[in-house]
Amino acid sequence: MAYENILVFREGAVGRVQLNRPQALNALNFRLMTELVEAFREMERDPGIGCLLLHGNEKAFAAGADIKEMAELGAIDMYTRDYIELWDEVARIKKPIVAAVSGYCLGGGLELAMICDIIVASETAKFGQPEINIGVLPGAGGTQRLTRAVGKSLAMEMVLTGRMLTAQEALAAGLVSRVVPVEVYLSEAQKLAGEIASKSPVALRLAKEAVLQAFEGSLSSGLAYERRLFAMAFASEDQKEGMRAFTEKRKPEWKGR
Ligand code: CAA
């Protein structure tokens with residue numbers, strides 16, 4: 001597929017995608033989301049890639065789903081068009097995804113960032129679910145993922161008023177893992193993605209699956225799930241190599257199996 005709305009890069013073991021509709025603050029239209037899913041799936045299939053990185057530009061990660069594209073759609077169009085399902089497709093990616101966020105990260109843009117596994121924010125980042133201001137509600141997982149990320153009271157305030165959080169507020173609420181100056185937000189996220197990509201692909205896949213389980217079920221089922229995945233890690237060569245390398249005081253060489 002020739003991409004019109006995203007730029008795709010390969011940097012060592014990191015696959016990087018830049019959302020690229022700057023004239024529309026990277027509003028996520030159907031075509032852009034389709035391209036993003038396709039690019040991520042290709043990176044998922046590439047055994048040389050260990051971690052994905054997603055970002056926009058300094059002004060906007062993404063200002064939401066494309067309002068102009070949705071404005072005249074009816075309920076059945078919206079339900080059957082498989083548009084929102086494109087966010088679910090991103091959520092099905094098994095490799096870790098780091099989001100580097102600067103500027104506006106709103107609506108479907110925040111929902112996309114929350115599907116990523118780690119958010120690195122620039123000091124200028126603004127996070128919000130402003131759908132209430134256009135007569136709707138978050139529709140790509142925001143009411144669920146935001147509530148789990150920041151708790152009920154703050155999620156309600158954001159969803160019911162549309163108020164945006166500053167990067168520092170987002171850090172305090174646990175929505176992002178770190179806030180860095182805008183000049184270095186992308187390079188910091190690249191470093192983080194590179195570090196993740198250097199780990200065992202098997203262990204990364206199991207670990208992501210286990211942490212996500214914490215989001216999706218009860219504590220007791222999550223703990224049971226984690227226990228099974230932890231035991232499964234001991235079936236991999238990477239577990240043997242990792243633990244032997246530690247004992248032998250050397251760097252491990254990952255096989256990915
Ligand atoms: N959809 C389509 N176009 C958008 C857009 C969006 N979500 N956000 C911005 N744009 C466009 C603007 O229409 C404008 O285009 P034109 O130059 O052709 O008029 C261009 O991007 C620049 O935007 P502004 O002139 O509005 O820039 P600003 O700096 O004055 O304001 C802003 C920035 C506060 C982010 C404002 O653009 C805004 O409020 N955008 C909409 C935010 C929003 O409501 N997002 C939620 C969308 S619904 C959703 O996401 C549903 C879901 O859960 C799946």
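Atoms within a ligand are numbered from 1 in the order they appear, just like the ligands themselves.
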- Message: Testing the 3.5 Å rule here: is there a donor-acceptor pair between the side chains of Glu209 and Tyr225?
- Response: yes

Hey, does the side chain of [X] reach the backbone of [Y] with a donor-acceptor pair shorter than 3.5 angstrom?
X      : Y      : answer
Arg21  : Ala27  : yes
Glu123 : Ala167 : no
Trp254 : Pro201 : no
Lys208 : Lys95  : yes
Asn29  : Asp66  : no

Nearest non-hydrogen protein atom, [atom]:
atom                    : value
atom 23 (O) of ligand 1 : Leu25 CD1, 3.6 Å
atom 17 (O) of ligand 1 : Gln23 O, 4.5 Å
atom 35 (C) of ligand 1 : Leu106 CD1, 3.6 Å
atom 5 (C) of ligand 1  : Ala27 CB, 3.9 Å
atom 13 (O) of ligand 1 : Lys68 NZ, 2.9 Å
atom 31 (O) of ligand 1 : Tyr104 OH, 4.3 Å

Do ligand 1 and [X] have nitrogen or oxygen atoms that lie under 3.5 Å from each other?
X      : value
Ile67  : yes
Gln129 : no
Gly139 : yes
Gly108 : yes
Ala63  : yes

Nearest protein heavy atom to [atom]: under 4.0 Å?
atom                    : result
atom 37 (O) of ligand 1 : yes
atom 48 (S) of ligand 1 : yes
atom 28 (P) of ligand 1 : no
atom 8 (N) of ligand 1  : yes

- Determine the minimum heavy-atom distance between Tyr185 and Ser102, stating which atoms define it. CZ-CB, 3.5 Å

- Message: What verdict does the salt bridge (charged side-chain N to carboxylate O under 4.0 Å, His left out) test give for Glu195 and Lys191, after you've listed the backbone C-alpha separation in whole Å, the side-chain angles of each residue and the deciding distance to 0.1 Å?
- Response: CA-CA 6 Å; Glu195 187 191 341; Lys191 250 188 268 166; over 6 Å; no

What atoms of ligand 1 come closer than 4.0 angstrom to any heavy atom of [X]?
X      : value
Ala24  : 4 (C), 9 (C), 10 (N), 11 (C), 21 (O)
Gly64  : 50 (O)
Pro138 : 53 (O)
Ile134 : 48 (S)

Going by heavy atoms in the side chains, are [X] and [Y] under 4.5 Å from each other?
X      : Y      : result
Leu175 : Leu146 : yes
Ile6   : Leu19  : yes
Leu73  : Tyr83  : no

- Message: With a 4.0 Å cut-off on heavy atoms, is Gly142 in contact with ligand 1?
- Response: no

- Query: Got a second to check how far Arg45's CZ is from Met43's CE, nearest 0.5 Å?
  - Reply: 11.5 Å

- Query: Out of curiosity, Gln18 CD to Phe61 CZ, how far, rounded to the nearest 0.5 Å?
  - Reply: 11.0 Å

Applying a heavy-atom cut-off of 4.0 Å, say which part of [X] lies close to ligand 1: side chain, backbone, both or neither.
X      : result
Leu28  : neither
Ala65  : both
Glu111 : side chain

- Criterion side chain to side chain contact (heavy atoms under 4.5 Å, CB included) against Leu54, the qualifying member of Val98, Leu36, Ile119: Leu36

